[in-house]
Student: 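Take a look at this one; I'll ask things after.
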Amino acid sequence: MRNALARFMPGSRNARDRGRLRWIVNPQPPRNEPSSPLGSLSEPSIRTSIRPTVARIDVDALRRNAQRLRALMKSTVALWAVIKADAYGHGAIRVARALEPVCDGFAVSLAEEGLELRAAGIRSCVLVLGAYYDGQHEEVVARGLTPVVYDVADLYAFSAAGARRGLVATIHLKVETGMNRLGVPLSELHDVLERIEKLPALRLGGLCTHFASADVADDGTTDQAILSFQKCLADARKLGFRELQNHAANSAATIRFPNAHFDAVRPGLALYGAAPSSAVNLDGFEPVLRLSTRIMAIHNVAPGEPVSYGGLWRALRPSRIGTLPIGYADGYPRHVRHAVALVGSRRVPIVGAVCMDMLMLDLTDAPSSNVGDVAVLIGDYASEQITIDDLARWAGTVNYEVLCGISKRVPRI
Ligand SMILES: Cc1ncc(COP(=O)(O)O)c(C=O)c1O
């Protein structure tokens with residue numbers, strides 16, 4: 001009998017992939033695995049992974065990366081993991097659960113991202129970095145999220161929300177130090193701090209800022225921003241704000257600017273084992289995400305025959321073309337140039353336009369490859385590796401965008 005699953009059998013090569021295959025074929029979850037709709041933490045579930053396209057998240061590597069960042073910090077500095085945008089595509093709830101024992105708190109962009117963490121039982125401090133819309137203030141306060149505020153109107157809204165709930169709302173105030181995105185300008189800080197002092201149900205938990213250029217080789221802009229931030233802290237101290245937890249550093253600043261650690265750091269990308277730029281040394285950090293699938297079809301193409309939409313690629317020789325069940329709807333970038341996948345330990349070119357659900361490989365130089373063989377799009381196979389930076393370069397974008405772009409329909413396992 002050759003059903004769709006049986007077709008994956010011939011190509012299963014190494015133990016890890018044989019293990020995964022067994023689990024795909026066997027619909028019974030292993031004992032002691034939670035019966036979450038997303039499946040088990042270690043292997044995909046038949047309910048979500050009928051298709052073999054999966055992103056494997058190495059939570060041990062994630063924890064070790066957090067420890068590596070900690071090793072750069074004084075023990076008094078808090079580590080708040082940035083897990084916005086579904087933990088940069090890694091799955092916010094699972095990442096939060098994995099990091100809760102080794103981090104002091106989390107930062108997200110949206111109130112709804114914070115609410116999702118609370119609903120999943122995450123009890124740590126959750127800083128909400130972004131904006132608050134239409135009455136979210138009360139829910140933010142009620143769920144014990146810590147909003148970062150940059151707009152005076154929000155100070156009043158959070159104080160009112162706190163008063164209605166019989167609570168004191170702790171907020172962090174964002175100040176502008178050169179990025180010109182969000183933040184109270186230095187010239188208005190004194191006035192804003194005085195307003196905060198007078199608001200009955202509001203407590204200032206800390207001041208914060210964000211660096212625009214901590215990942216560029218020239219330190220000048222960040223040195224200037226640190227000086228501006230230090231001035232803000234001095235102003236707050238003069239007004240009597242003393243118990244503040246102040247923070248500024250993203251991954252690049254956590255690694256490159258120890259003098260920007262203040263009381264807490266907010267790294268994101270480095271936790272996931274990727275560097276914000278080539279100026280940031282991430283030696284020793286481990287990639288956390290591996291994106292793989294299996295070859296779904298192979299066919300022979302004569303010289304001159306086109307492959308995929310628009311015939312953008314034509315065979316120059318008799319070619320063996322493999323099709324993978326992953327496309328731009330899964331977040332594999334449409335506009336890659338000179339991209340490869342790993343089939344076995346071989347780097348094989350991706351040819352023709354990436355489709356919504358599929359893409360094609362030139363397997364001519366991998367003659368022993370078969371339907372069902374594993375193809376790695378990000379990650380390693382034997383001694384070969386495709387990094388997130390490789391894929392970002394082929395797509396003409398940044399590694400942040402590639403990670404965030406891996407879509408919801410790819411199960412994280
Ligand atoms: C306000 C803020 N803090 C921290 C971070 C984390 O940055 P990174 O992922 O570069 O460490 C971000 C990410 O964009 C951010 O917007």
Side-chain angles (χ1 to χ4, degrees), residues 62 65-66 68-70 72-73 77-90 92 95-96 99 103-111 113-114 125-132 145-151 154 171-184 205-217 221-222 225-226 229 232 245-258 260-282 285 287-289 388-389 392 397-406:
L62 184 70
N65 288 342
R68 289 179 181 109
L69 287 167
R70 266 217 191 279
L72 304 172
M73 298 152 47
V77 176
L79 175 57
W80 291 338
V82 178
I83 57 169
K84 60 184 175 149
D86 206 23
Y88 294 42
H90 291 67
V95 164
L99 288 181
C103 291
D104 303 290
F106 299 106
V108 293
S109 181
L110 313 179
E113 291 176 326
C125 165
V126 177
L127 204 62
V128 180
L129 301 168
Y132 315 95
L145 303 174
T146 307
V148 171
V149 174
Y150 55 88
D151 185 323
D154 281 324
I171 59 120
H172 286 215
L173 187 69
K174 188 158 197 174
V175 294
E176 175 51 57
T177 57
M179 174 125 178
N180 287 314
R181 184 172 72 172
L182 289 179
V184 174
L207 293 183
C208 61
T209 193
H210 188 49
F211 297 131
S213 303
D215 63 338
V216 302
T221 310
T222 306
I226 293 170
F229 192 53
C232 294
Q245 205 172 15
N246 305 309
H247 47 103
N250 53 8
S251 298
T254 303
I255 292 164
R256 298 186 67 232
F257 294 89
H261 287 184
F262 299 101
D263 303 298
V265 296
R266 306 185 312 262
L269 193 66
L271 287 168
Y272 311 107
S277 78
S278 57
V280 181
N281 179 357
L282 224 64
F285 283 65
V288 171
L289 181 142
I388 297 157
D389 291 324
T397 183
V398 291
N399 48 15
Y400 292 86
E401 191 179 340
V402 170
L403 286 175
C404 295
I406 298 171

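Atoms within a ligand are numbered from 1 in the order they appear, just like the ligands themselves. What you are looking at is a predicted structure, and each value in this text was computed from that prediction instead of being measured.
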Student: Could you tell me how the ring of F262 sits relative to the ring of F229: parallel (under 30°), tilted (30 to 60°) or perpendicular (over 60°)?
Tutor: perpendicular

Student: Yes or no: does A252 have any heavy atom under 4.0 Å from an atom of ligand 1?
Tutor: no

Student: On the 0 to 90° scale, with breaks at 30° and 60°, tag the W80-H247 ring pair as parallel, tilted or perpendicular.
Tutor: perpendicular

Student: Using a plain distance cutoff, I'd like to know if L269 has any nitrogen or oxygen under 3.5 Å from a nitrogen or oxygen of ligand 1.
Tutor: yes

Student: With heavy atoms of Y400 as the reference, note each atom of ligand 1 found under 4.0 Å away.
Tutor: 8 (P), 9 (O), 10 (O)

Student: Please write down residue, atom name and distance for the protein heavy atom closest to atom 15 (C) of ligand 1.
Tutor: H210 CE1, 3.4 Å

Student: Give, for atom CZ of R256 and atom CG of N250, the distance between the pair rounded to the nearest 0.5 Å.
Tutor: 10.5 Å

Student: Is the contact between R266 and ligand 1 made by the side chain, the backbone, both, or neither, using heavy atoms and a 4.0 Å cut-off?
Tutor: both

Student: At a 4.0 Å cut-off, with the gap strictly under it, does some heavy atom of K174 reach an atom of ligand 1?
Tutor: yes

Student: Looking only at protein heavy atoms, identify the closest one to atom 7 (O) of ligand 1 and say how far it is in Å.
Tutor: N250 CB, 3.4 Å

Student: Closer than 4.0 Å to some heavy atom of P267 - which atoms of ligand 1 meet that?
Tutor: 11 (O)

Student: Report yes or no: does E401 contribute a side-chain atom to a donor-acceptor pair with the main-chain N or O of A392 at less than 3.5 Å?
Tutor: no

Student: In ligand 1, which numbered atoms sit nearer than 4.0 Å to a non-hydrogen atom of S251?
Tutor: 8 (P), 11 (O)

Student: Within ligand 1, which atoms have a heavy atom of Y88 less than 4.0 Å away?
Tutor: 6 (C), 7 (O), 8 (P), 9 (O), 13 (C)

Student: Does ligand 1 have any atom sitting under 4.0 Å from a heavy atom of M179?
Tutor: no

Student: Looking only at distance, does K84 have an N or O less than 3.5 Å from an N or O of ligand 1?
Tutor: yes

Student: Measure the OG1-NE2 distance between T177 and H210 for me, rounded to the nearest 0.5 Å.
Tutor: 9.5 Å

Student: When rounded to the nearest 0.5 angstrom, what is the spacing between CG in L173 and SG in C232?
Tutor: 9.0 Å

Student: Hey, does the side chain of H261 reach the backbone of T254 with a donor-acceptor pair shorter than 3.5 angstrom?
Tutor: yes

Student: Check whether any side-chain heavy atom of I255 lies under 4.5 Å from a side-chain heavy atom of L69, and answer yes or no.
Tutor: yes

